[in-house]
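Quick notes on the structure that follows.
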Amino acid sequence: MAKFAFYPGCAAKGASKELYESTVAVAEELGIELLELPQFSCCGAGVLEEIKDVMDIAVNARNLAYAEREGLNIVTVCSTCLLVLRKAKFHLDNDDELREGVNEILSRFGLRYEGKVEVKHFHWILLDELGEDGLRERVKRPLSGLKVYPYYGCHTVRPESVLGYEPSENPQSLERIIRALGAEVALGERRLECCGFHAFWPAPQLSMKLTGMNLKDAKISGADCIVTPCPLCHMNLDANQKRALKAIGESFQIPVLHLPQLVGIALGIDERRLGLQRNIVPVRC
Amino acid sequence: MEKREVTFRIFRFNPKRDEKPCYRDYKLPVPKGMTILEALQFIKDNLDPTLSFRAFCRSAICGSCAVKINGFPKLACKTQVLNEVEKFGTDILTVEPIDNFPVIRDLIVDWEPAIEKLREVYPYLIPDPEVVPHTLEEESRVYPGELKKFDIFTDCILCTSCYSACTAVKIDEEYGGPFQLARSYRFAVDPRDALKKERAKVGLAFNMWNCVRCEKCADVCPKHIAPVDGIMKLRGLSIEIGKRDNPGARHVMAFYKSLLESGMLNEVLLPLRTKGIKGIIENLPLGVMMILKGKAHSPIVKPIDEHETLVGVMKAAMEVE
Amino acid sequence: MLQYDIVIVGAGGGGLYAALETSKKKGLKVAVISKVFPTRSHTGAAQGGINAALGNVAPDSPEKHSYDTVKGSDFLADQDAVELMCETAPKIIREMEHMGLPFSRLEDGRIAQRPFGGASFPRTCYAADKTGHVMLQTLYEQCLKNNVTFLDEWFALSLVHNGERIAGIVAVDLKTGEVHGIRAKAVILATGGHARIYWKRTSNALGNTGDGPAMALRAGIPLKDMEFVQFHPTGLRRTGILVTEGARGEGGYLINNKGERFMKRYAPEKMELAPRDLVSRAIETEILEGRGFKDDEGNEFVYLDLRHLGRKKMLERLPQIRELAIDFEGVDPIEEPIPVRPTAHYSMGGIDTDIYGRTRIKGLYAVGECACVSVHGANRLGGNSLLDIVVFGKIAGEDAANYVSEVSFIPFEESRVRDEEERIESLFSGDGTERLADLRNELSDVMTYGAGIFREEKKMRETLEKVREIKERAKRLKIEDTERVFNTNLQQTLEFLNMVEVAETIVLGAIERKESRGAHFRLDYPKRDDENFLKHSIIEKGEDGDLRISWKPVKITKFQPEERKY
């Protein structure tokens, strides 16, 4: 099976450790080898661009360079890390002058970015490495009867020019996985809408309102739970659920799962290994 | 040549006359190569002369014909019908006016709210007398590297697609809007401009920190501009000119500090660093819950391996012109 | 009634420059009316560039620029006007540069210049391949800065004058459908070109329908050199959408079905960079003589091959062209040659003006493509149209601003508003036995047949008759959309009626000009005839409604007519 340089990102290494746990557990179960490089730094979540764009790109060129040195492609479980790393790569690959400048900096530390490394999301490699059939074959506990709301959020799909795994206006990767696990897809209107996470600090009300609207849409769609490939969306949808619903004058509970948690349940992995007990809104299997 | 039957489900509304909008279906054979605009014109010429939409250049440079196809704003003239059919896996395409604007009639909207905001962001060069010559015998010097910083943002055709897709505009009426803020940035880094980085203050006045970075503006722009990039850079300029006493700027600096300290974000300290004691109090219930659930980590984050290379790269990058 | 000192009709480069110039004069009340939001204007579609003898790349002078322009015009341009334009060019380029226009730059920071068809030096200033776009945006920005009043999406219907002085215009506010009189001491027409007459094969925007010349004609104001319509050599096969001359300037090849760079037979020295009329005829000849290509839909074409430029140069210098080819033709020019054919592009003829943009009626000005000063004569050089609009927009704006401070308003008869209301009313009550789309296509077909790239007496006579017949049949058109709010059906009908009127003048001029010159090429008179036709044709509508043709001498200063060889 394939081997990847694992880039968990700060959320999975920090306050969303259940994402780290479930990713590692699922990868192990499926025989996907994840090598976490201890030199990987935080990607800066895009905000480094607000200090200086070249620094943002240089920091991530450094991350890319470490993976290249190992000869491995990067896989991440955070949508924003995915976007930031891919954006850096996009600029480096399309701007010779920039790449030369950044490589000059990297060379002072014995590093170099060649452009060989690819950056992928964990759920993309599930589909690429196993496919829907492969995944279906591994399911030990089909999620039949479960209605799941596929919440993409933003940074796994937009902008398509940088992400490009699937059409940003009609992605289907999450739906394909949900169905392969034996669950049903809940059809909603806000699966591609923003959760507002990145405006949480400057504009908490705006952020909470957006999250509230998304939660409500999931509820209306009749979903039993929401699944998301992004720990930041998860933070808003799960940890901040109560506050978000209050912002739109609603009150209910809907479990929100990290994508590897949902996959892990279907693969029959023990709940503790998936960190389900850490989700703020209780998840009952 | 092979043709495919496609149904166009078109939004029809005349606010002067109709109580509420309705959708009307028009079915037509679509050959390969037909654009949405050609389809609309076909309907107008052959099926329903009352269908109202704007169009002018037909070549994606005038910005007249932005409409919403299956929920996403795009220029009718540069959108191939069969590509949309394939993308959405349907023979029915919904065509609607773009969002965030009052509808004048059918697919025609009133751009005024967005243009009004454009007018307010000083969307023009205010010449720097030190740089722009006083006589018409000379040109100002703008080096290719300087031009490169803002060139892409001058591609904007004011089609307002980004404004119609913008998440922040939908929630915050005061928000400046993607193309407007991107134009502010365009002038802020034009060496000929007198206001220069001070233009970031305009961004502050128009809530630029409320951009949620949903990347929709970057995705829908028919000219491949990413207004969000301009907004983030404009935020950067505000930090540069010392406008750091706000949660947005402090959040940025918290990241910067974390990276220099350990290479990873210190999420536990983020509320304190971003909003001070207020941040702690506001997020206290959540914090307690996270501790109980075992989500919180130690406030001391172990540095990554070879952290010194990160610090070195960051410092070197900060020195690049 | 609305009242302004100056009303400018049209918000392209010419209209906006005039507006900027008038806004410099304090206390004037000026409005720009435009049937589209200002930055939608067709100036934005000009890709390649704007000429000025800056000499940034190679030594150059306004005199050389003038000579190239006069020679390109096949000696029909008025040389005093050309000299004025070429002398003003460097200054006005710098003026726009000072406004923030993002010109492409040389390594030393000065404005970059590139070679263009018919020019003896790299003289064309540019902003990648979006020169007109950034010019339009920059001028609009400056108008916002100077608080210019805009009446967006107002459509001008007629000119009101007393036979001597202008009194104002009548226009319809498209958003409400209401007809208004607008009183003004001066009116500047900047309504753009009319190549949309060739509906099915033109690079023009849907609205380039000759509204200005048609209004002028109806108001008894003469049009000049209408027979000259430039066909741009490289329109995309299906739509006629333009592939800029910049593509050839950057080194593109034109290739026939034998794989030859056929321009070697027509312009051995300049090759693909020969003037537009020559290249257009060359392509048409290749196609007529069986050396073109033909697709399934019956479109005939040749190839514009850019592959040898390489990916990097293409992405840097011609990004928009690449995208156009992909979006509208399904061809990536990095990998495949682009199928092209000449497309109706530019109207050299227009409202007869002097070098200040003045017309026969005092206070009425015309600038840019709707006007004929004339600086382009029988054939316009690439990079001179953007120059024309800004130079004469500026001059006319300045002249008008001075003029209105010296005169008072004259009476504007309210009945003129009612006349237009009635004209519109009648369009709703036709018998409806004719359809707009059909008539538009027919007009396009007959004009392409009889007044296209190759012309001859018999075909032109047939075409003239057909155009008159279409004009008659147009009376039976019925506007089926009865709403007043944003009635695009009404607008398109009014535009069509303008086109038919203007089409007739093109054919008439073409019949009467029994020679070949520039864009006007007659198979039955294949030579230029300076003895009989070194003069401008003037067409106007008499009291009886019939068109009358007369002639006006060409102003020659420095450059004596010589054979035009490239």
Side-chain angles (χ1 to χ4, degrees), chain A residues 10-11 13-18 38-42 44-55 57-59 61-62 83 101-102 105-106 108-111 154-155 158-161 167-170 193-194 196-199 201-204 206-207 209-210 239-240 243 277-280, chain B residues 70-72 87-89 167-168 171-172 207 209-216 218-219 224 226 229 232-233 235-236 239 246-248 250-252 255-256 258-259 263-268 274-275 279 282 286 289-290 293-297 304-307 309-310 312-314 316-318 320:
Chain A
C10 300
K13 292 290 273 183
S16 306
K17 60 180 69 160
E18 71 281 3
Q39 300 93 343
F40 276 156
S41 77
C42 165
V47 304
L48 287 186
E49 191 181 340
E50 291 163 350
I51 295 175
K52 191 163 189 179
D53 48 5
V54 181
M55 182 181 61
I57 289 168
V59 163
R62 175 187 170 277
L83 172 65
V102 168
I105 293 174
L106 292 184
R108 299 182 211 169
F109 307 96
L111 292 165
C154 305
H155 296 170
R158 277 191 301 268
E160 195 179 314
S161 55
S168 61
E169 294 169 355
N170 189 23
E193 296 300 321
C194 180
F197 178 86
H198 287 287
W201 294 107
L206 183 146
S207 179
K209 230 177 181 169
L210 287 167
N240 277 318
R243 193 170 161 191
Q277 75 285 0
R278 296 190 207 277
N279 289 33
I280 300 289
Chain B
N70 279 7
F72 298 90
K87 185 187 288 179
F88 292 99
T167 303
I171 303 272
D172 174 11
N207 294 354
W209 285 104
N210 284 6
C211 164
V212 291
R213 289 175 48 205
C214 67
E215 299 278 340
K216 284 188 181 176
D219 214 32
H224 314 300
D229 290 353
M232 291 179 68
K233 290 179 164 78
R235 288 171 170 184
I239 294 175
N246 61 69
R250 280 196 300 264
H251 180 245
V252 172
F255 263 85
Y256 184 53
S258 281
L259 263 85
M264 293 297 273
L265 177 67
N266 193 325
E267 285 185 294
V268 174
T274 302
K275 284 194 141 174
E282 265 182 19
L286 179 62
M289 184 65 99
M290 287 174 80
K293 288 272 188 176
K295 278 172 81 90
H297 61 80
I304 56 168
D305 283 11
E306 298 177 36
H307 180 239
T309 66
L310 175 68
V313 165
M314 287 172 75
M318 287 306 280
V320 174

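Within every chain, numbering begins at 1; the chains are lettered A, B, ... in the order of the sequence lines, protein sequences first and strands thereafter.
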| query | Is there a donor-acceptor contact under 3.5 Å from the side chain of A/R278 to the main chain of B/G294? | reply | yes
What's the shortest heavy-atom distance between [X] and [Y], and which atoms?
X      : Y      : result
B/I304 : A/P38  : CB-O, 3.5 Å
B/L310 : A/R62  : N-NE, 3.4 Å
B/V252 : A/E50  : CG2-OE1, 2.9 Å
A/A239 : B/L286 : O-CD1, 3.2 Å

| Relative to chain A, which of B/T167, B/I171, B/I239 shows the most heavy atom pairs under 4.5 Å? | B/I171
Per-residue contact mode, [X] against chain A (heavy atom under 4.5 angstrom):
X      : answer
B/T274 : side chain
B/N210 : both
B/E267 : side chain
B/D229 : both
B/L259 : side chain

[X] portion near chain B, given a 4.5 angstrom heavy-atom threshold:
X      : answer
A/F197 : neither
A/A11  : both
A/I57  : neither

State the [atom1]-[atom2] distance between [X] and [Y], to the nearest 0.5 angstrom.
X      : Y      : atom1 : atom2 : result
B/E215 : A/H198 : CD    : NE2   : 9.0 Å
A/S161 : B/D219 : OG    : CG    : 7.0 Å
B/M314 : A/L48  : CE    : CG    : 5.5 Å
A/I51  : B/R235 : CD1   : CZ    : 12.5 Å

Within a strict 4.5 Å, meaning less than it, do heavy atoms of the [X] and [Y] side chains meet?
X      : Y      : answer
A/E169 : B/F88  : yes
B/K295 : A/I280 : yes
B/Y256 : A/M55  : yes
A/V47  : B/R213 : yes

| message | Counting neighbours of NZ on B/K87 that are heavy atoms of other residues, nucleotides or ligands and sit closer than 6.0 Å, is the number greater than 12? | response | yes
| request: Identify, with sequence neighbours excluded, every residue that meets side chain to side chain contact (heavy atoms under 4.5 Å, CB included) alongside A/C154. | output: A/R158, A/C194, B/C214
Just so I understand: if I count every heavy-atom pair under 4.5 Å between each of [options] and chain B, which residue has the most?
options                     : value
A/G196, A/S16, A/G14, A/A58 : A/G14
A/A45, A/P167, A/S207       : A/A45
A/S41, A/G110, A/A199       : A/S41

